[in-house]
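A quick write-up on the structure given underneath.
Quick caveat: nothing in here was measured; it's all calculated off a predicted structure. What you see below is based on every heavy atom in this structure, not just the backbone, and it leaves out hydrogens, waters and symmetry mates. Reminder, nothing fancy here: chain letters follow the sequence lines and each chain counts from 1.
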Protein chains: 2
Amino acid sequence: MGVIRKTKSVTTILSYFSDGHEAISVVDLVERLSDEMNKTTVYRVLDRLEDEGLIHSFSGAKGLTWYAKCHDCSSHHHQDVHPHFECKECGKVECLDVSIELPQINNRHIETADVLLTGQCDDCKNL
Amino acid sequence: MGVIRKTKSVTTILSYFSDGHEAISVVDLVERLSDEMNKTTVYRVLDRLEDEGLIHSFSGAKGLTWYAKCHDCSSHHHQDVHPHFECKECGKVECLDVSIELPQINNRHIETADVLLTGQCDDCKNL
DNA sequence: TGTATTTTTGCAACTTAGTTGCATTAAATT
DNA sequence: AATTTAATGCAACTAAGTTGCAAAAATACA
Ligand SMILES: [Mn+2]
Ligand SMILES: [Mn+2]
Ligand SMILES: [Zn+2]
Ligand SMILES: [Zn+2]
């Protein structure tokens, strides 16, 4: 338990995740791998990689699912709590290297905070 | 321009929005109104009501679209920037009466912040 | 080795939220 | 009342994601 099998699909998909902070949408990945593997496989491999704490998923502005590399997670310890940013101009999505403090709200017990910021990325700002 | 026509559908749908802060998912609304109006009508009426600043939409944890009443918006001025809360136990979704300050992020121009908090609501906490 | 067992993959069919085109109905303008 | 405009119903569609099952690949183990 707790070790991902490095099948061909796994290796291929992992190679799409840069060490940086840029995310990939599942739709994009399915499209780009369409003549290499089935979309069901893409979904299932991403699922396993997330279970093992290698990548994490979140929803973008249009409700699509995005994945990005985890930096300090494992299957036991999922600790990647940061905002995500989506550029309205070019559509790029990235993890922000900022930590989120869970707000205290009256009469509620807050467990998670999903923060999605949108605006213009550096490239698009300077056009 | 800028005035919603109070058709039967509009009145019926508006009656589902309490003056409080609880949200309704579109799916739920479509289901509850299923023998009264077509789902396309529900989507279109919600759309119009949002355009006029009477309600606002956002995505819940499972990617569904939710709507809630706006408190200080109009068709000209959409100003309802607050976090939303989804209870993991009972599924209730509500607007939180707290304002969000847009974070400053290096090299990016942030325009909007969507914050979704999840956890336990008051009712579910005390079970 | 070779055989049995387990895991992964492909494929087709399905589910579900949301959208679109078009004809009909209702409301507002004149 | 006749004309114009906006709202609705309906059926068909789109797109993301899921499921069941059989085939293929990887692993275990005699
Ligand atoms: Mn991230
Ligand atoms: Mn709200
Ligand atoms: Zn950009
Ligand atoms: Zn609750």
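- The salt bridge (charged side-chain N to carboxylate O under 4.0 Å, His left out) search around A:D28 returns A:R32, not counting sequence neighbours.
- Partners of B:D97 according to the salt bridge (charged side-chain N to carboxylate O under 4.0 Å, His left out) rule, which considers only residues two or more places apart in sequence or in another chain, do not exist here.
- A:E111 pairs by the salt bridge (charged side-chain N to carboxylate O under 4.0 Å, His left out) definition with B:K88, not counting sequence neighbours.
- With sequence neighbours excluded, the residues that form a side chain to side chain contact (heavy atoms under 4.5 Å, CB included) with B:T7 are B:R5, B:S9, B:V10.
- Ranked by how close their nearest DNA chain C nucleotide is to the 5' end, A:R5 and B:K6 are led by A:R5.
- Residues meeting the salt bridge (charged side-chain N to carboxylate O under 4.0 Å, His left out) test with A:K92, sequence neighbours left out: A:D123.
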Please tabulate, for the side chains in residues 57-64 of chain B, all donor-acceptor contacts under 3.5 angstrom to protein atoms that are two or more places apart in sequence or on a different chain.
residue, atom, partner, partner atom, Å
B:S57, OG, B:E50, OE1, 3.3
B:S57, OG, B:E50, OE2, 2.8

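- Rounded to whole angstrom, the span from the CG atom of B:D47 across to the P atom of D:dA6 amounts to 16 Å.
- Applying the side chain to side chain contact (heavy atoms under 4.5 Å, CB included) criterion to A:I100, with sequence neighbours excluded, gives A:V81, A:P83, A:A113, A:V115.
- When side chains are defined from C-beta on, A:F85 counts as touching B:R108, because their heavy atoms get closer than 4.5 Å.
- With a cutoff of under 4.0 Å to any heavy atom of chain A, the contacted region of DNA chain C is bounded 5' to 3' by C:dT7 to C:dA12.
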Check: protein-nucleotides 8-10 of chain D nitrogen or oxygen pairs below 3.5 Å:
residue, atom, partner, partner atom, Å
D:dT8, OP1, B:T7, OG1, 2.9
D:dT8, OP1, B:S9, OG, 2.7
D:dT8, OP2, B:R48, NH2, 2.4
D:dG9, OP2, B:N38, N, 3.1
D:dG9, OP2, B:T41, OG1, 2.5
D:dG9, N7, B:R44, NH2, 3.1
D:dG9, O6, B:R44, NH2, 2.9

